[in-house]
Amino acid sequence: MTDVTNAQVLAHKLDAAAGAFEQWSRLQPADRAPYLEAIASALEEAAPKLVAIADEETSLGQTRLRNEMVRTVFQLRLFAEVVTRGEYLGATIDRADPAWPMGPRPDLRRVLEPLGPVVVFAASNFPFAFSVAGGDTASALAAGCPVVVKAHSGHPGLSAATAEVVHHALRSAGAPEGLFDVVFGTEAGRAAIVDPRVKAGAFTGSIEAGRALFDLATGRPEPIPFFGELGSVNPVFVTEAAAERRGPEIVSEFVGSFTLGAGQFCTKPGILLVPASAGLVDRLPGAVPGSPLTLLNDRIRTSYASAVRELRDTAGVRVVVSGDHAADPSPTVLCTTSAELLGDPEALIREVFGPAALVVEYAEESELLEVAKVIDGQLTASIQGEDDDAIAAELIRLLAAKAGRVLWNQWPTGVSVTYAQQHGGPYPATTAPGTTSVGTEAISRFLRPVAYQGVPQHLLPPALRDANPLGIPQRAS
């Protein structure tokens, strides 16, 4: 069912989510793992059908979509492992200590507990991994929070089909009614984020839409956390030595990265800084493919064409590769200088969602440091350098202050789902730079700390008892 969700139906779904929270949050963490496993297995079984629907609605191709399904299933199983181990709870025990240097210390015990129902806003460009059963849903369920997904308009049929698979898996496993649901329509999403039953929001999409939802979430009578992934140009800084030793290789790899997925990755390298003396710009026309690339939908095609025109018409910008801006565009490469960029960073440092990139030529290597100082918050920042580059240490330090992930001689379009991953960054990359939306730490977004002081053992949460019945890591002093 993909009809727009009306206010009455939305209220019913949010009531059910609030009721489910009472049961789901009280389960011991490891007891949530079988439900996550059940969803993963159900998605695997339904994969051929779901991939076919996704390909019809997004034209991303079955190979890409099958790989994305593998990632989606892996995320669910990884979070099942996380809740089974219990490290994420951060169980900390400070026993009473009359000799504590600050004065007698009471018995204090701290643990992370789930926030409540979460609204997840699905993304267009990853119809499995960042959508109905994607990472936000998996991490929120693992944390102990019911989830209501606002489906993306770019793949409504797939959203409904995926939701039915998840519903069936949870029902069969005996999950509480209302633990998971999906709604359709922009107004349903807006209404959900301001509803008092909702305690957090997660979003992947444009700066404009994400900022609007962030303002709603934080402007409520009871403000709630809103974890929005918004926009990033993911700059790549090429040193003089790297350009001299690996110039052709860097150009080839850059083209492969910014055109991957038709440039519709949030980690697409949108800006490449190169030494003017290396002549790398002259290599681009022969390296950039002229074949058309299929974008996700008409809205993205229109926005892409408009964004390319605006950037192309900015003072100091010239065209290196003039891509077709038809329904299925071919890649576009524009060029400017670091002097122009430093003179008007707001106009030139902008995300273009699609197969376009801006190459920035610098005269002196020190200009890389100046550009690093003026860029705004990013998901990633990359350096193509050599180990003996004198500029490297300072450049890394500056970029670490601006990006959630700093890469050395690698390209940002691969985002591994792992323990150390950080997929976030200062605004406008995200609205919550202290968190990640990819990797096991994503679970922490939907938890809050609670300290118990002087509470008897039998009344404490099991994670904080001296007997440690859950068998989880505890920090005790």
- Query: Between K150 (side chain) and A188 (backbone), is there a donor-acceptor pair under 3.5 Å?
  - Reply: no

- Message: If we ignore hydrogens and angles and just use 3.5 Å, is the side chain of Q378 paired with the main-chain N or O of V233 as donor and acceptor?
- Response: yes

- Spell out, as yes or no, whether a donor-acceptor pair under 3.5 Å connects the side chain of R32 to the backbone of A80. no

- Query: Just checking, is any N or O donor in the side chain of S131 or H155 under 3.5 Å from an acceptor N or O on the other one?
  - Reply: yes

- Just wondering, more than 12 heavy atoms not from E56 lying within 6.0 Å of its CD? no

- Message: What's the separation between atom CD in E87 and atom CZ in R85, rounded to the nearest 0.5 Å?
- Response: 4.5 Å

- Under 3.5 Å, is there a donor-acceptor pair between the T267 and T413 side chains? no

- Query: Does F254 offer a backbone N or O that forms a donor-acceptor pair with the side chain of S257 under 3.5 Å?
  - Reply: no

- Y304 side chain to P355 main-chain N or O, any donor-acceptor pair under 3.5 Å? yes

- Task: Return yes when atom CD of E45 has more than 12 non-hydrogen atoms of other residues, nucleotides or ligands closer than 6.0 Å, and no otherwise.
- Result: no

- Please check if the side chain of N234 supplies one atom and the backbone of T380 the other of a donor-acceptor pair under 3.5 Å. yes

- Message: I want to know whether F214 and F203 have ring centres closer than 6.0 Å.
- Response: no

- Query: Does the pair R350/E310 count as a salt bridge with the N-to-O cut at 4.0 Å?
  - Reply: yes

- Task: Please answer whether the main-chain N or O of S322 pairs with a side-chain N or O of T332 as donor and acceptor at a distance below 3.5 Å.
- Result: no

- Query: How long is the gap from CG on L272 to CD on E253, to the nearest 0.5 Å?
  - Reply: 11.5 Å

- Message: I'd like to know whether CD of E364 has more than 12 heavy-atom contacts from other residues, nucleotides or ligands below 6.0 angstrom.
- Response: no

- Is the side chain of S206 donor-acceptor paired with the backbone N or O of A209 at a distance under 3.5 Å, no angle test? yes

- Item | T436 versus E441, side-chain donor and acceptor atoms under 3.5 Å | no

- Ion pair present between R245 and D387, side-chain N to carboxylate O less than 4.0 angstrom? no

- Query: Can T430 and E229 be said to form a side-chain hydrogen bond (donor to acceptor under 3.5 Å, both in side chains), step by step?
  - Reply: CA-CA 4 Å; T430 69; E229 181 200 309; over 6 Å; no

- Would you call E68-R71 a salt bridge at under 4.0 Å N-O? no

- Query: Should we say atom CD of E249 is surrounded by more than 12 heavy atoms from elsewhere, each under 6.0 Å from it?
  - Reply: yes

- Item | Interatomic distance, I391 atom CD1 to I396 atom CD1 [nearest 0.5 angstrom] | 11.0 Å

- Could you tell me whether R77 and E44 make a salt bridge, using a distance below 4.0 angstrom between a side-chain N and a carboxylate O? yes

- Under 3.5 Å, is there a donor-acceptor pair between the S139 and R445 side chains? yes

- Message: Counting neighbours of CZ on R220 that are heavy atoms of other residues, nucleotides or ligands and sit closer than 6.0 Å, is the number greater than 12?
- Response: yes

- Query: Taking N297 for the side chain and I300 for the main chain, is one N or O donor matched with an acceptor at less than 3.5 Å?
  - Reply: yes

- Query: What is the ring orientation for F126 with F265, classed by angle as parallel under 30°, tilted 30 to 60°, or perpendicular over 60°?
  - Reply: tilted

- Message: Using a strict threshold of under 4.0 Å (side-chain N to carboxylate O), is an ion pair present between R211 and D215?
- Response: yes

- Query: Can you check whether A242's main-chain N or O pairs, donor with acceptor, with T239's side chain at less than 3.5 Å?
  - Reply: yes

